[in-house]
Amino acid sequence: MIKFFPVTYKKLYNYFGPQRWWPAKTPFEVMVGAILTQNTSWQNVEKAIKNLKKHKLLSPGKLNKLKNNSLALRIKPAGYYNVKAKRLKNFIDFLFKEFGADIGKMRLAEPLDLRKKLIAVNGIGQETADSILLYALNKPVFVVDAYTRRILCRHGKAKKDAAYEEIQGLFVKNLRNNAKLFNEYHALLVRLGKEFCFKNDPQCKECPLK
DNA sequence: CACCAGGCAAGTA
DNA sequence: TACTTGCATGGT
């Protein structure tokens, strides 16, 4: 990422320090969170996850047996709860059918092949699939989200309607193919976006990097 | 009150 | 392919 993009990993890391993503205790919790956080603040997702834990529902087996509307009730704070209940169940179905709900077995899958299969699940798009691959399974896949896109656009490095793969390719081509690096870099971009790169303010705040 | 948040799918032309 | 709309809570 030398010279392509001024918001380098090094600058971000030196300024913000390690972000220690994903904020979850188990890979399965990461996967559930990845679906719940679609277009939703993490704060709201935390409430939903906490509810699931409180009712001892945070496992593939328990969620599999739960009815959609019961699940919707538990994840209500995360918003879009009816859609997300279906999406979670679709994902759980996939986990059972493809891997017998064994995350260890899932981890053995070839990443790009698994990515295609995840995206084929209704409710899982590119970002959610990549978040699962990177943050739950530790695969070197770069995650592109709204902040990543916005920061690149503001620096004139991408058009605002650029395809996902196009944005992703910019990072992949310019970085070592390393899961730890991808993990921290994306988390740092989100951190920067949250604090300094606002949607309604094209000027942003004064960027602390440079 | 308005706006936003770690998207995605389905419908339309 | 390229728009548009529905989904929904909670924080600022």
Side-chain angles (χ1 to χ4, degrees), chain A residues 7 9 12 16 18-24 27 29-52 54 68-94 115-139 141-154 158-168 171 179 182-205:
Chain A
V7 186
Y9 169 75
L12 285 166
F16 290 112
Q19 301 301 297
R20 309 175 190 289
W21 272 28
W22 185 287
E29 186 179 331
V30 174
M31 301 181 202
V32 170
I35 291 170
L36 291 179
T37 199
Q38 291 169 356
N39 201 40
T40 298
S41 68
W42 182 251
Q43 214 174 6
N44 284 3
V45 175
E46 281 183 315
K47 297 174 195 296
I49 302 247
K50 203 170 171 184
N51 267 337
L52 291 174
K54 185 171 70 184
N68 278 20
N69 46 24
S70 308
L71 176 53
L73 176 69
R74 301 308 178 200
I75 62 173
K76 206 159 197 177
Y80 307 129
Y81 48 86
N82 289 308
V83 206
K84 284 176 180 174
K86 278 184 205 146
R87 290 179 180 179
L88 281 172
K89 298 279 284 184
N90 291 342
F91 173 66
I92 301 292
D93 284 346
F94 167 79
R115 185 180 196 273
K116 283 180 193 161
K117 289 176 175 168
L118 283 168
I119 289 172
V121 176
N122 188 302
I124 297 185
Q126 304 194 79
E127 183 186 339
T128 306
D130 288 344
S131 295
I132 289 172
L133 288 164
L134 178 62
Y135 291 108
L137 303 177
N138 203 34
K139 305 298 182 187
V141 176
F142 201 90
V143 177
V144 176
D145 74 329
Y147 289 119
T148 313
R149 203 176 268 284
R150 191 183 306 158
I151 293 167
L152 273 179
C153 289
R154 302 252 166 114
K159 299 179 179 179
K160 79 176 191 316
D161 56 349
Y164 185 98
E165 306 85 1
E166 197 176 332
I167 308 259
Q168 187 177 46
F171 288 93
F182 289 179
N183 176 324
E184 202 62 65
Y185 200 175
H186 177 255
L188 284 162
L189 285 169
V190 172
R191 176 76 183 273
L192 176 69
K194 277 182 174 167
E195 294 188 23
F196 297 97
C197 192
F198 306 123
K199 186 171 189 178
N200 57 357
D201 175 18
Q203 300 304 312
C204 310
K205 279 168 104 174

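Letters A, B, ... mirror the listed sequences (proteins, then strands); counts begin at 1.
- Atom CD in A:Gln43 sits about 20 Å away from atom P in C:dA8, given to the nearest Å.
- Of the candidate nucleotides B:dC4, B:dA9, B:dA5, B:dA9 has the atom nearest to the side chain of A:Arg87.
- Checking side-chain atoms of A:Glu184 against main-chain N and O of A:Gln19 turns up a donor-acceptor pair under 3.5 Å.
- The nearest whole Å value for the distance from the OH atom in A:Tyr164 to the C1' atom in C:dT1 is 21 Å.
- A:Asn44 places its CG atom 14 Å from the C1' atom of C:dC7, with the value rounded to the nearest Å.
- Phosphate proximity of C:dT9 to A:Tyr81: present, with a side-chain N or O under 4.0 Å from OP1 or OP2.
- A:Glu29 meets the salt bridge (charged side-chain N to carboxylate O under 4.0 Å, His left out) test with A:Lys53; sequence neighbours excluded.
- Rounded to the nearest Å, the gap between the P atom of B:dC3 and that of C:dT5 is 16 Å.
- Across all strands shown, A:Ile124 has heavy atoms under 4.0 Å from sugar-phosphate atoms exclusively, and none from any base.
- Distance check, rounded to the nearest 0.5 Å: CD1 of A:Ile35 to CG of A:Asn90 gives 8.5 Å.
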N/O donor-acceptor pairs under 3.5 Å from side chains in residues 74-82 of chain A, not counting sequence neighbours:
from: A:Arg74; atom 1: NH1; to: A:His55; atom 2: NE2; distance (Å): 3.4
from: A:Tyr80; atom 1: OH; to: A:Asn39; atom 2: ND2; distance (Å): 3.0

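- With A:Tyr185 as the fixed residue, the ring-ring contact (aromatic ring centres under 6.0 Å, His included) test singles out one of A:Tyr147, A:Trp21, A:Phe171, A:Phe16: A:Phe171.
- With rounding to whole Å, A:Ile75 atom CD1 is found 9 Å from C:dA8 atom P.
- Distances from the side chain of A:Tyr80 to the nucleotides B:dA10, C:dA8, B:dC8 place C:dA8 closest.
- Residue A:Asn39 places none of its side-chain N or O atoms closer than 4.0 Å to OP1 or OP2 of B:dC4.
- A:Arg150 comes within contact range of the sugar-phosphate backbone alone, with a heavy-atom separation under 4.0 Å but no base atom that close.
- Counting any heavy atom pair closer than 4.0 Å across all strands shown, A:Ala78 reaches no nucleic acid atom.
- Going from atom CZ of A:Phe196 over to atom C1' of B:dA5 covers 18 Å, rounded to whole Å.
- Proximity of A:Thr128 to the phosphate of B:dC8: a side-chain N or O atom is located under 4.0 Å from OP1 or OP2.
- Contact annotation for A:Asp161: no contact, since no heavy-atom pair falls under 4.0 Å across all strands.
- Comparing A:Pro23 and A:Ile119, the nucleotide of DNA chain B nearest to each residue sits closer to the 5' end for A:Pro23.
- Around the NZ atom of A:Lys89, the shell of radius 6.0 Å holds more than 12 heavy atoms that belong to other residues, nucleotides or ligands.
- The side chain of A:Lys47 contributes an N or O atom lying less than 4.0 Å from OP1 or OP2 of C:dG11.
- Considering only side-chain atoms of A:Lys76, the nucleotide from B:dA5, C:dA8, C:dT9 that sits closest is C:dT9.
- Between the NZ atom of A:Lys84 and the P atom of B:dA9 there is a distance of 13 Å, given to the nearest Å.
- Residue A:Val30 is classed as having no contact, given no heavy-atom separation below 4.0 Å to the nucleic acid.
- A straight line from CG of A:Leu88 to P of B:dA9 spans 13 Å, rounded to a whole angstrom.
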